[in-house]
Peer 1: 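Here you go, one structure.
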Amino acid sequence: MKYNHKKVESKWHKKWVLEKVYEPDLKNAKNSYYNLMMFPYPSAEGLHVGNMYAFVGSDIHGRFKRMQGFNVFEPIGLDGFGIHSENYALKIGEHPMDQARVSEKNFYRQLQMIGNGFAWNEKLETYDPEYYKWTQWIFIQLYKKGLAYRKKSAVNWCPSCLTVLADEQVISGECERCNTKVIKKELEQWFFRITKYADKLLKGLDKIDWSEKVKIAQRNWIGKSEGASIKFSLVDVTGQKNGKHFVEVFTTRPDTIFGVTFVAISPEKAKFWLDIGWQAGEEVKSYITKALSERVAKDQNQDKDKSGIFSGILAVNPANNEKIPVWISDYILAGYGTGAVMGVPAHDERDFEFAKKFELAISDASLVSIEEGIKKSGGKKTVQFRLRDWLISRQRYWGAPIPMIHCEKCGWQTVPEKDLPVRLPYIKNFRPTGTSESPLAANENFYKVKCPKCEGVARRETDVSDTFLDSAWYYLGYLMLGNKKSLLRRGYAGQAKNKKFYFDGGLVKKWCPVNMYIGGAEHSVLHLLYVRFLAMVFKDLRLTNFGEPFKKFRAHGLLIKDGAKMSKSKGNVINPDEYIKNYGADVLRMYLMFLGPFDQGGDFRDGGIKGITRFLDRVWKIANSDKRSHYAKASRDGQGTSEELNKKIHKTIKKVTEDIENLNYNTSISALMVLLNEFEANMESVGKNELEIFTKLLAPFAPHMSEEVWREILKNKKSIHIAPWPKFDSKLIKDAEVDVVVQVNAKMRAVIKLPAGASQKDVEIAAKNNENISKYLISPIKKVIFIKDKFINFVV
RNA sequence: GCUGGGGUGGCGAAAUUGGUAGACGCACUAGCCUUAGGAGUUAGCGGGGCAACCCAUGGGAGUUCGAGUCUCCCCCCCAGCACCA
């Protein structure tokens, strides 16, 4: 009887849904376990095999926990709002709103095929007005708390996507989406004050169980520097000391204060001085103008050749009263510290380079202690962060409209909560304009509104919010949307006024924080930072009772193809469809997991699929074998099992259990292969009991075939996926006889079988009686190293 | 430049955390079965040697009875950050 993966897989997909195998009772479940995976954005033709790799790895964990008796909640949805989906729609010439429906259908079809234990009732899409109503509501809460604000500044602009980008979305000077070089543009935009949470975001990392590399990336991104701010008073070139003016610098090296030979300020700071009345020379003025304009146009990766000009002003080093020149230079960043540095060429490479280029003095003055340096300069200890506020506005169409209204008289007003959601209209001209305005700005029906305060004519904000805002709270959304009685579905007018937690409904409190979150490390400083930030805000707003959203996070590795990154431009992206069609989802799942350690990724090569296909074919053969079934009855109570085989089964249970726990799926699978080999060599000992254990161990990896064997062959009534995970007997695992390695001078000379627990004396006697050993023991033995049941080494 | 992760057969990888290096799988070779096989099955498979054995985990040193594993120096690959004072 040949295994028909197509029939079997679709049969169980239907039954699982009917039997609600993967739908926990969200309200009453005990032992809740929230197993979350990063939801995909449906930007391309279909599901990427890299998505599948991640989802299967997460699902194996979820299935394992479910069999261990947890009520596992494993939801899925689509991150379909935002620039990535919009760019795809633009590329194929479809309207994003129409395309969303097409992609949605296709993605859900594919997500169904891979055989994950998804809780389909709770699925969500970020472009669903029921969903983005809350995205907007969150914006309003942040605005009310002063955490959302408008600011004019030089922001990152992608000339291809025609929108601004957050700092986190600029990767090595390029747009995160389309790899176009990003330029700077001076614009007024909405920001989230994530910097206010810099310290909390940093400290929280110590308390959560996350992949270390993600924690490190976040620490670096937040970039805390401890140092001092020091004031240098200014004198003009004529030497007149005018006590009122000073320049403040930030330094992490106050101990180098006596080596300062100049002060350098950013062009932005110089411009500010001009604005408040500084009478600079023409040459200086024109340098400032030039530096500023270059700063805006320059893409971030250009050469770091430093320019600069002497301002004509001198500063006084507060530690030794030495007069030093104040320079204006483009190597000074405006957005970090005070926008001014003390130049210490002897101890700082950049200062050295600058001093050399402009022939400034280089002092060899000796160091003092940090404390003393601060004291001598009259500075004070300060902390600086590298983290910048999160730029939220996007001049695009396909996103959640920012729920704000601007009135000439009353200023910025939030959209009243009863008017949410601010629906994104279906408009014909959805293409980005490039004018620093969203396409919505051309739509009068959309932007012309009454001021919520004075009822006068007002204008709605026409920018939409960053798609990373959509994904920054979706783990809560799953608990709010699926339940028909949820807050989200029934609306929220007048709700929760007296309630402790707004996101309550009982479910968030019951299921959050998320127990296990699995996803790509590429989101280390994007999604994973934003989610933590919002979770902290929610807690401070008393909307939830936890500050860290994910107790445990594990990053999976990158799946590559024949040694190269899969990408649309290279045309080597693998669509799982044809593999599932040809080999079945179980084979593809196991193949992906067998490639290598889950956190290291792997290289997708067609050749290796054969190994797994053979393996599952042999499992099927054994399950259907006459030789086996003949003994089934007798061995039901373990009677048919040989002691030797039973031992191996229990060792395998231990290994697979521990390996799954640590996400070492590749070695779990190899342990199953070893056991299968044993089964084949001892068919007469493989009865129902043995096969049941094996099938259970296989279930997380190959959910369809194991269910088929479990129910159709082994005739169990309920799904294997809620059957209890096998336990191993640690007594059984201990061997009665052990292999003891015998070495002479640390060279392996023999392996002898001895009863477990043999003493050093017994082992020595046995070893000396062994021909292979005795011939090496001619010279006197100087030393013996012995490890019980393992090892003996004679040093001669 | 800084931070992190790596470097083991022809290939993907294991290695109980200092104790038999290469489990498991792919590819390959030979045999069997078959009208046939891109099926199944048996055996072999790091290099050298008839053998006893010897050599081998990027390179070099060190610690140790013993090092893929620990320490130091160097080389290479991947990922992230990058004028952050």
Peer 1: Counting the atoms with a prime plus P, OP1 and OP2 as sugar-phosphate, which does A:Val674 contact under 4.0 Å by heavy atoms, base, sugar-phosphate, or nothing?
Peer 2: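 Result for A:Val674 = sugar-phosphate.
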Peer 1: Hey, does A:Gln384 reach any base, or is it just sugar-phosphate, or nothing, if we go heavy atoms under 4.0 Å?
Peer 2: nothing
Peer 1: Heavy atoms only, 4.0 Å cut-off, all strands: where does A:Leu595 land among base, sugar-phosphate and nothing?
Peer 2: sugar-phosphate
Peer 1: Atom OG of A:Ser153 and atom CG of A:Leu391: how far apart are they, to the nearest 0.5 Å?
Peer 2: 7.5 Å
Peer 1: Using the C1' atom as the point on both nucleotides, what is the distance between B:G10 and B:G22, in whole Å?
Peer 2: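 Each nucleotide's C1' atom is 14 Å from the other's.
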Peer 1: Is it the case that over 12 heavy atoms from other parts of the model lie below 6.0 angstrom from the NZ atom of A:Lys581?
Peer 2: no
Peer 1: Indicate, with a heavy-atom threshold strictly under 4.0 Å, whether A:Phe604 touches base, sugar-phosphate, or nothing.
Peer 2: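 No contact.
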Peer 1: Please check the phosphate of B:A39 (OP1 and OP2 only) for any side-chain N or O of A:Arg618 closer than 4.0 Å.
Peer 2: no
Peer 1: Nearest 0.5 Å please: distance from the OG atom of A:Ser211 over to the CG atom of A:Leu663.
Peer 2: 9.0 Å
Peer 1: Return yes when atom NZ of A:Lys647 has more than 12 non-hydrogen atoms of other residues, nucleotides or ligands closer than 6.0 Å, and no otherwise.
Peer 2: yes
Peer 1: Quick one: label A:Lys610 by what it contacts on the DNA or RNA (base, sugar-phosphate, nothing), any heavy atom closer than 4.0 Å.
Peer 2: sugar-phosphate
Peer 1: Need one value for A:Leu558: base, sugar-phosphate or nothing, where a base atom within 4.0 Å counts as base even if backbone is also close, heavy atoms only.
Peer 2: nothing
Peer 1: A:Lys775 side chain: which of B:U20, B:A52, B:C65 is closest?
Peer 2: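 For the A:Lys775 side chain, the nearest candidate turns out to be B:A52.
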Peer 1: Separation of A:Asp330 atom CG from B:A85 atom P, in whole Å?
Peer 2: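 Roughly 18 Å, once rounded to whole Å.
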Peer 1: Over all strands shown, is A:Arg605 touching base, sugar-phosphate only, or nothing at heavy-atom distances under 4.0 angstrom?
Peer 2: nothing
Peer 1: Is the A:Tyr336-A:Phe385 ring centre distance short of 6.0 angstrom?
Peer 2: no
Peer 1: Does the gap between the ring centers of A:Tyr591 and A:Phe604 come in under 6.0 Å?
Peer 2: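 That pair passes the under 6.0 Å test.
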Peer 1: Within a 6.0 Å radius of atom CD on A:Glu212, are there more than 12 heavy atoms belonging to other residues, nucleotides or ligands?
Peer 2: yes
Peer 1: What base-paired stems does RNA chain B take part in, with at least 3 consecutive Watson-Crick or G-U wobble pairs and both distances under 3.5 Å?
Peer 2: B:1-7 with B:75-81, B:10-12 with B:24-26, B:28-32 with B:40-44, B:46-48 with B:53-55, B:58-62 with B:70-74
Peer 1: Any donor-acceptor pair under 3.5 Å joining the side chain of A:Lys306 to the base of B:C83?
Peer 2: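 Present.
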Peer 1: How is A:Asp351 classified with respect to the nucleic acid when contacts are heavy atoms under 4.0 Å: base, sugar-phosphate, or nothing?
Peer 2: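 It contacts nothing in the nucleic acid.
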Peer 1: Which value, in whole Å, describes the distance between the P atoms of nucleotides B:U41 and B:G25?
Peer 2: 12 Å
Peer 1: Is the glycosidic torsion of B:G9 within 90° of 0, making it syn, or is it anti?
Peer 2: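 Base orientation relative to the sugar is syn.
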Peer 1: How would you label the contact of A:Ile216 with the nucleic acid (heavy atoms, under 4.0 Å): base, sugar-phosphate, or nothing?
Peer 2: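 Here A:Ile216 touches the backbone only, sparing every base.
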Peer 1: Mind listing the N/O atom pairs, protein and nucleotides 67-69 of chain B, below 3.5 Å?
Peer 2:
none

Peer 1: What is the nucleic acid contact for A:Asn793, judged by heavy atoms within less than 4.0 Å: base, sugar-phosphate only, or nothing?
Peer 2: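 Counting heavy atoms under 4.0 Å across all strands, the contact made by A:Asn793 includes a base.
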Peer 1: With heavy atoms under 4.0 Å as the rule, sort A:Arg749 into base, sugar-phosphate or nothing.
Peer 2: sugar-phosphate
Peer 1: Please say whether more than 12 non-hydrogen atoms of neighbouring residues, nucleotides or ligands are located less than 6.0 Å from NZ in A:Lys654.
Peer 2: no
